[in-house]
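Just below is one structure, and these are the notes that go with it.
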Amino acid sequence: MSKKDFYDVVLDFYELTGKMKNRDEFKKALQLTIAAEDLEVFSMLPLSGNISFTKLLKKSKIPLAELRTRLKRLAREALIMAYKTKDGLDAYERGNPVFMTEQQVRKKEDTPQRAFFAGFFNTLIEGELGDAMVTKTPYYRVLPAEPTIIKSSELRTIDINVEVPNPSGALPIDIITEMIKKDGALIGVADCFCRKARRLVGKGCDYPLETCFVFNELAQTLIENGFARKIDYDETIEILKNCESLGLVHNVDNCGGQIRSLCNCCPCCCVLLASVKRGETNADAPSRYVVDFDPEKCINCEACISRCPVNAWSIVKEEMVVDVARCIGCGLCVTTCPTGAGKMVLREKTTKIPKTLPKLYKKLGQEILFSLAKRKIFGE
């Protein structure tokens, strides 16, 4: 296989979720980033899931030391994830184009390829990437501000004059501290790649950068390759408290357990919130909660308007109105309201959440295969 073919292997894999408008430019940036011989190893990894080093060594027939060197280079450039399984085995899996560009953007070195990947990610934020995101199931979902659904001294950052719902309605999949305790054996924190990309293209904001959390396998590969730093639970909570006070939205992998990432998103740069504002439903799902508004308590201070990241609040005929269809259930308006006019309640209908991350990925994979089959049959 030629060098060009190996780059095409990567790009063909990246285009499983949709055609790129700028494939040729992406290839040029990729050629500046990684050698073709390393991508030969990438081509041997499974399309989904991981493979152990022992099996890969046998499959590749590449000398042991050379294989390890190539895998390290691939992980350093975020073409793959590299981590130890629960059984202590060295495992490797392909990273998708978003994962790869995220880490390239996080690099400190000012290079032509970093500039390209920042621009690429910015087009993703602005919805101009092309035919991407052919799946229907959202990759992420919103978690509500914890003080709005359950009494919690750990995360209460603003005293809110609101009745907290019955804690029995709040499941561990809704509560950010429960999610972290369950899945946060190893925690890392990294720069927000959305805000970093926007800054690199001159469209950034003043929100803090170091607000993206990664866990377990993802934390391993990012910490070891310098994209994240290891932190403990207490520091995690402190950062989360600050994020809530600033009005950032918690977004987590759209599953009930085995999460790998938790983002704290701003309305000006976040790729997820931008997709919600465009009316898209396949990137970010709302939380299981929605705001319940009592106009009798409202004093029209408009705090909720400035706080809402998706423009769900407005004034109509001098009265505050909320569009519950747009509400993503983040609870930030509730923590802001000085009179307790809003509170979070369970939605009447909630979408079933995959129990684990592997089950989420399996569902997404099935949707991708269906889309590819449809494209082949009908030429779409």
Side-chain angles (χ1 to χ4, degrees), residues 3-4 6-7 9-11 13-14 20 22-42 45 66 68-83 92-126 129 186-214 217-231 239 260-261 263-266 268-271:
K3 290 183 178 181
K4 180 180 179 181
F6 284 129
Y7 291 110
V9 167
V10 177
L11 292 169
F13 172 69
Y14 284 177
M20 293 180 183
N22 53 353
R23 176 175 171 131
D24 291 342
E25 291 81 3
F26 201 108
K27 179 185 288 188
K28 291 176 183 178
L30 202 57
Q31 289 169 336
L32 292 173
T33 304
I34 194 80
E37 66 175 8
D38 295 333
L39 296 185
E40 179 186 11
V41 178
F42 177 95
L45 303 184
E66 175 63 19
R68 286 199 182 277
T69 298
R70 293 192 194 183
L71 287 167
K72 286 181 180 179
R73 288 197 292 257
L74 285 166
R76 189 176 63 225
E77 299 299 338
L79 271 295
I80 66 170
M81 290 178 55
Y83 52 85
Y92 305 89
E93 66 176 89
R94 294 185 180 192
N96 60 43
V98 175
F99 171 77
M100 193 276 281
T101 53
E102 287 171 2
Q103 314 322 320
Q104 293 294 327
V105 167
R106 281 173 171 151
K107 285 189 172 184
K108 294 180 173 57
E109 300 84 4
D110 183 9
T111 62
Q113 56 266 42
R114 189 188 72 164
F116 169 81
F117 291 127
F120 173 86
F121 204 86
N122 184 61
T123 60
L124 181 62
I125 294 171
E126 296 184 351
L129 187 59
L186 176 61
I187 308 175
V189 65
D191 286 348
C192 171
F193 42 85
C194 296
R195 287 193 280 279
K196 184 73 175 289
R198 296 283 278 180
R199 288 186 185 184
L200 289 174
V201 299
K203 298 182 179 181
C205 65
D206 294 327
Y207 287 105
L209 279 179
E210 200 179 45
T211 58
C212 283
F213 297 102
V214 288
E217 301 98 339
L218 183 55
Q220 282 186 46
T221 193
L222 294 193
I223 292 170
E224 289 179 7
N225 290 285
F227 298 115
R229 66 179 180 88
K230 183 179 179 180
I231 60 174
I239 296 175
R260 281 182 173 178
S261 60
C263 299
N264 293 282
C265 306
C266 65
C268 39
C269 300
C270 174
V271 63

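Positions are given from 1, in the same order as the sequence printed here.
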In sequence, state the C-alpha distance, the side-chain angles, and the governing distance for Phe120 and Val105, and then conclude on side-chain contact (heavy atoms from CB on, under 4.5 Å). CA-CA 10 Å; Phe120 173 86; Val105 167; over 6 Å; no
Kindly determine whether Phe213 and Ile239 satisfy side-chain contact (heavy atoms from CB on, under 4.5 Å), including the steps that lead there. CA-CA 10 Å; Phe213 297 102; Ile239 296 175; 3.6 Å; yes
As an exercise, state the distance from [atom1] of [X] to [atom2] of [Y], rounded to the nearest 0.5 Å.
X      : Y      : atom1 : atom2 : value
Leu200 : Phe193 : CG    : CZ    : 13.5 Å
Thr33  : Gln104 : OG1   : CD    : 5.0 Å
Leu79  : Asn96  : CG    : CG    : 11.5 Å
Cys194 : Leu124 : SG    : CG    : 8.0 Å
Phe99  : Tyr14  : CZ    : OH    : 9.0 Å
Tyr92  : Leu71  : OH    : CG    : 5.0 Å

Output yes when a side-chain donor or acceptor of [X] lies under 3.5 Å from a complementary backbone atom of [Y], and no otherwise.
X      : Y      : result
Gln220 : Ala82  : no
Arg106 : Asp191 : yes
Arg260 : Glu217 : no
Arg229 : Ile223 : no
Thr221 : Leu218 : no
Arg195 : Pro208 : yes
Arg70  : Glu37  : yes

Ignoring hydrogens and angles, state whether a donor on the side chain of Tyr83 or Glu224 is under 3.5 Å from an acceptor on the partner side chain. no
With the side chain counted from C-beta on, respond yes when [X] and [Y] share a heavy-atom pair under 4.5 Å apart, and no when they do not.
X      : Y      : value
Cys192 : Tyr207 : no
Leu74  : Leu39  : yes
Phe116 : Thr111 : no
Asn225 : Gln103 : no

Test: Glu126 and Arg198 ion pair at under 4.0 Å: yes
Tell me whether Asp24 is salt-bridged to Lys28, with the criterion being a basic N under 4.0 Å from an acidic carboxylate O. no
So which atom in [X] and which in [Y] form the shortest heavy-atom distance, rounded to 0.1 Å?
X      : Y      : result
Lys196 : Leu209 : N-CD2, 3.8 Å
Phe117 : Thr101 : CD2-CG2, 3.6 Å
Ala219 : Ile187 : CB-C, 4.5 Å
Ile80  : Ala75  : CG1-N, 3.6 Å
Arg76  : Phe227 : O-CZ, 3.1 Å
Gly95  : Phe13  : O-CE2, 3.6 Å

Does atom NZ of Lys107 have more than 12 heavy-atom neighbours from other groups under 6.0 Å away? yes
Run Met100 and Leu30 through side-chain contact (heavy atoms from CB on, under 4.5 Å) and show every step you take. CA-CA 10 Å; Met100 193 276 281; Leu30 202 57; 3.8 Å; yes
